[in-house]
Amino acid sequence: HAHANKVNPFRTVQIIKDSEVSMAASTVLRSARQILKFLSEGQGYERVMKGVEVVSALPGKCTCEVTLAESHLNRVGALHGGFTATMVDIVSTLAIMTAEKPPGVSVDMNITYMNSAHLGDTLLVEAECLKIGKTLVFASVDIQKTDGTVVAQGRHTKHLGSAPSSTS
């Protein structure tokens, strides 16, 4: 019975590490949510992202969710290709920012449209940085319905911006 009360120091270290990872992950998630909120509430084109919510974020990865509203559709009632492209752009940029890299300008972006989506459909938009180099980032984005139907896939290459310099 003496063994039952002994504390395994390695287990304690693991719990502390898990806690630190959890705190770091929640900080990344909070930052991604703040950035998307700032963009979607602004006066620029990014305001089309209103209604898109960040549901998870880890360094180099970001997942958002959106339930399609009229403003996301084209005139025949299907998901607008321009909105799809904007989600690829913005969500992959959020993934870059979660890796603590300053995003710069887009160099290349392509989207493959595979299935349609309509009013009320909920979409998951999952972005992941495939490679982060010295000057370029390559990201992949999957957009799918909650039933797993792939709606679109995108690739986005961005030039890294320069980190803000501090002046003294």
**OP:** Give the minimum heavy-atom separation between Thr98 and Gly60, together with the two atoms involved.
**Re:** OG1-N, 2.9 Å
Subject >> Nearest atoms (heavy-atom pairs only) where Ala152 meets Met114 >> reply: C-CE, 4.1 Å
Subject >> Val55 reachable from Phe38 in the ILVMFWY side-chain graph, under 4.5 Å edges >> reply: no
Original post:
Leu136, Met97: one ILVMFWY side-chain cluster at the under-4.5 Å cut-off?
Top reply: no
Subject >> NE2-CG distance between His118 and Asn74, expressed to the nearest 0.5 angstrom >> reply: 8.0 Å
Original post:
With no hydrogens and no angle check, do the side chains of His156 and Ser106 hold a donor and an acceptor under 3.5 Å apart?
Top reply: yes
Subject >> Qualifying residue for side-chain hydrogen bond (donor to acceptor under 3.5 Å, both in side chains) with Gln153, from Thr112, Asn110, Asp142 >> reply: Asp142
Original post:
For the residue pair Ser92 and Val141, what are the closest heavy atoms and their distance?
Top reply: CB-CG2, 3.8 Å
**OP:** Any chance you could measure Phe83, atom CZ, to Leu123, atom CG, to the nearest 0.5 Å?
**Re:** 8.0 Å
**OP:** Would you give the length of the straight line joining atom OG1 of Thr149 to atom CG of Asp121, rounded to the nearest 0.5 angstrom?
**Re:** 9.0 Å
**OP:** Group every Ile, Leu, Val, Met, Phe, Trp and Tyr by side-chain heavy-atom contacts under 4.5 Å, then state whether Met49 and Ile111 land in the same group.
**Re:** yes
Subject >> Same apolar cluster: Leu124 and Leu29, side chain cutoff 4.5 Å >> reply: no
Subject >> side-chain hydrogen bond (donor to acceptor under 3.5 Å, both in side chains) involving Ser140 - partner list, sequence neighbours excluded >> reply: none
**OP:** Indicate yes or no: at least one non-hydrogen side-chain atom of Glu53 is less than 4.5 angstrom from one of Val66.
**Re:** no
Subject >> Closest non-hydrogen atom pair, Val54 against Arg33 >> reply: O-NE, 3.0 Å
Original post:
Hey, any chance Tyr45 and Leu79 share a hydrophobic cluster, counting ILVMFWY side chains that come within less than 4.5 Å of each other, even indirectly?
Top reply: yes
Original post:
Linking Ile, Leu, Val, Met, Phe, Trp and Tyr through side-chain heavy atoms less than 4.5 Å apart, which residues share a cluster with Val76?
Top reply: none
Subject >> Smallest separation among heavy atoms of Val52 and Leu36, with atom names >> reply: O-CD2, 3.3 Å
Original post:
Counting distance only, does the side-chain N/O of Tyr113 pair as donor-acceptor with the main-chain N or O of Gly81 below 3.5 Å?
Top reply: yes
Subject >> Closest approach of Cys129 to Val137 (non-hydrogen atoms, all atoms of both residues) >> reply: SG-CG1, 3.9 Å
Original post:
Glu41: what forms a side-chain hydrogen bond (donor to acceptor under 3.5 Å, both in side chains) with it, not counting sequence neighbours?
Top reply: Lys37
Original post:
Is the closest side-chain donor-acceptor distance between Thr122 and Thr67 under 3.5 Å?
Top reply: yes
